[in-house]
Amino acid sequence: MSFRSHLEGLKDLKTVKKPVSKKLEASAVINELNDKPVLFEKISESEFKVAANIFPTKQAIADYLGCKVSELIPTITNAIENPTEPEVVEQAECQEVEMEEVDLDKIPILFHCENDGGNYISSGVVVSKHPEQGQNLDFHRCMQIGKDKMVVRIVKKRNFDTFLNKQKEMPIAICIGNGANVLVAAATSVEIGRNELEIANTLKPVKVVKAKTFDALIPAECEFVLEGTISLEELHDEGPFVDLTETQDVVRQEPVFTVKKITHRKDAIWQALLPGKLEHKILMGMPREPTMFKKVNEAGVKCLDVNVNPGGCSWLHARIKIDKKNEDDGKKAITGGFAGHKSCKHIFVYDKDIDIYNDEESEWALATRFQADKDFVMKEKEKGSSLDPSAEPGTKMTSKCGFDCTAPLKTEGKSFGKAVFPKADLKKYLE
Ligand SMILES: Cc1cc2nc3c(=O)[nH]c(=O)nc-3n(C[C@H](O)[C@H](O)[C@H](O)COP(=O)(O)O)c2cc1C
């Protein structure tokens, strides 16, 4: 299944027929619709349609992958541990049309927020290649700075950054309009040299094709492909940009991507992704849940579930549900959790009776089961997420801590279980 066929099958898709501007108007409508998928049939400045909010919830991702929400962690874990080679095709939908001249103004790259530095690609999956280490896929926001130039935000020390530092200049392909298998795989953090397209293929089969300008395999059924060269020799201001935390990121000098070729499907549909909103949050946080789950189990604690929850920007907070067997399991789970998600700042551990998707219930457990002097874990100051506005400016040093919100196994005094009230069928009592 492709992004296109998934879109065609969406029963709750809203369609906007009147012309909408790519500057602030489309993003306003996408934001108002929140978790409802939308297709803009006419963008004022472009011949192409735009779709958004396609994977804003775990349910939407699970539907695409053909599993239940509760099966996402094992499904993603299985794909990471058992990658499979995608089918290579000669002819691909994403290369049906080759634009005669490279002109990024012809593409509906949205301008999202009032103070953004420019039009931004935020859903682009970047395919890069290293001569010895092979392919890498990840996301990098790109700000348009000319008809054929974009500046690319690259977080330091991740695989793409390592590839670029070794090569100084390298060809890349930015692929837009992908299904959840490719998006989730690109968002995983796996060891260098692992081609995430093989993870995507285990999640749901994906076809790949050779890029037009360099020796890399790209998702054949995506909507647009921008091929060109990224160079450390040419830097440019990137930003401001509203990031995952819904706060404005600082302006940094970042490498420039010179676009040399643009190919697309016939009647291609641009995939927009609203920065900081639900879809961005799901794609950032969800792929960390399997790694945290694994590390908690490796720490000797039975992990039942992990929720890298949206209230914590789907990045800085995590809720871990355990089957507590020993008094120190909560603290061990905190240690395991941090090992599974290095950018996490606050971890909360709960018993199996707590619904970790329910904010009120999670806070109830903190209120009734947590004692700061015994259940609080303070870590040494360390380097944190570049996204956290409260981390030390420049160094990004941050304080991290964990909250063991599990009840003691042996109780004295009051009990910790929530009382069960009698049930009534209201139809019998109210007209
Ligand atoms: C929607 C989305 C946008 C992202 N934007 C960026 C970005 O602009 N720059 C960046 O370095 N990482 C960004 N990331 C995170 C990278 O994709 C993440 O570092 C990657 O999954 C790790 O890849 P690696 O294991 O190849 O290093 C983004 C992730 C998502 C899901």
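Computed from heavy atoms alone, side chains included, the values below leave out hydrogens, waters and symmetry copies. First listed ligand is number 1; within each ligand, the first listed atom is number 1. Every value quoted in this text rests on a predicted model; they were computed, and no experiment measured them.
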* Asked: Can you list the ligand 1 atoms lying under 4.0 Å from a non-hydrogen atom of Arg141?
  -> 7 (C), 8 (O)
* Counting each atom of ligand 1 from 1 as listed, which ones have a heavy atom of Leu283 under 4.0 Å away? -> 31 (C)
* **Subset of ligand 1 atoms that lie under 4.0 Å from at least one heavy atom of Arg153** => 7 (C), 8 (O), 9 (N), 10 (C), 11 (O)
* List the closest protein heavy-atom neighbour of atom 27 (O) of ligand 1: residue, atom name, distance to the nearest 0.1 Å. => Asn159 N, 2.9 Å
* Asked: Hey, does the Lys NZ or Arg CZ of Lys379 hover above the aromatic six-ring of Phe338, less than 6.0 Å from the centre and inside 45° of the axis?
  -> yes
* Structure fact -> atom 21 (O) of ligand 1 has as its nearest protein heavy atom Ala187 O, 3.1 Å
* Passes side chain to side chain donor-acceptor pair (under 3.5 Å), Ser189 versus Lys342? Steps please. -> CA-CA 11 Å; Ser189 219; Lys342 300 271 186 313; over 6 Å; no
* To do: State whether a side-chain donor-acceptor pair under 3.5 Å links Thr229 with Lys260.
  => yes
* To do: For Asp237, check salt bridge (Lys or Arg N to Asp or Glu O under 4.0 Å) against everything at least two apart and list the hits.
  => none
* Structure fact -> closest protein heavy atom to atom 19 (O) of ligand 1 is Arg158 NH1, 2.7 Å
* State if Thr162 counts as touching ligand 1 under the rule of any non-hydrogen atom under 4.0 Å. => no
* Interatomic distance, Ile109 atom CD1 to Met143 atom CE [nearest 0.5 angstrom] -> 11.5 Å
* Asked: Counting distance only, does the side-chain N/O of Gln133 pair as donor-acceptor with the main-chain N or O of Gly193 below 3.5 Å?
  -> no
* Structure fact -> closest protein heavy atom to atom 26 (O) of ligand 1 is Asn136 OD1, 3.1 Å
* Strictly under 6.0 Å, is that where the ring centroids of His6 and Phe55 end up? -> yes
* Please could you name the atoms of ligand 1 that Asp138 approaches to less than 4.0 Å, counting only its heavy atoms? => 17 (O), 20 (C), 23 (O), 26 (O)
* To do: Answer yes or no: does an N/O atom from Arg288 fall short of 3.5 Å to an N/O atom of ligand 1?
  => no
* Residue from Asp388, Leu387, Asp243 passing side-chain contact (heavy atoms from CB on, under 4.5 Å) with Trp315 -> Leu387
* Parallel, tilted or perpendicular, as decided by the 30° and 60° cut-offs, for the rings of Phe348 and His346 -> perpendicular
* Identify, by atom number and element, the atoms of ligand 1 in contact range of Ile154, meaning under 4.0 Å from any of its heavy atoms. => 11 (O)
* For this output row, return yes or no: ring centroids of Phe111 and Tyr120 closer than 6.0 angstrom. => no
* Nearest non-hydrogen protein atom, atom 1 (C) of ligand 1 -> His280 CD2, 3.3 Å
* Asked: Counting only heavy atoms, which portion of Ile192 has something under 4.0 Å from ligand 1: side chain, backbone, both, or neither?
  -> neither
* To do: Quick one: look at Val152 and ligand 1, take heavy-atom pairs under 4.0 Å, and tell me if it's side chain, backbone, both or neither.
  => neither
* Structure fact -> So the atoms of ligand 1 within less than 4.0 Å of a heavy atom of Glu196 turn out to be 26 (O)
* Distance filter under 4.0 Å to Ala186 heavy atoms, resulting ligand 1 atoms -> 21 (O)
* Asked: Are any side-chain N or O atoms of Asn136 and backbone N or O atoms of Ile192, one a donor and one an acceptor, separated by less than 3.5 Å?
  -> no
* Glu234 and Lys149: salt bridge (charged side-chain N to carboxylate O under 4.0 Å, His left out), yes or no, with the steps? -> CA-CA 11 Å; Glu234 194 180 351; Lys149 285 195 189 276; 3.4 Å; yes
* **Nearest neighbour in protein (non-hydrogen) for atom 28 (C) of ligand 1** => Phe139 CB, 3.4 Å
* Asked: Where does Val155 meet ligand 1, judged by heavy-atom distances below 4.0 Å: at the side chain, the backbone, both, or neither?
  -> both
* Asked: What is the nearest protein non-hydrogen atom to atom 29 (C) of ligand 1, stated with its residue, atom name and distance?
  -> Met284 SD, 3.1 Å
* At a 4.0 Å threshold, what atoms of ligand 1 neighbour a non-hydrogen atom of Ser189? -> 22 (C), 25 (O)
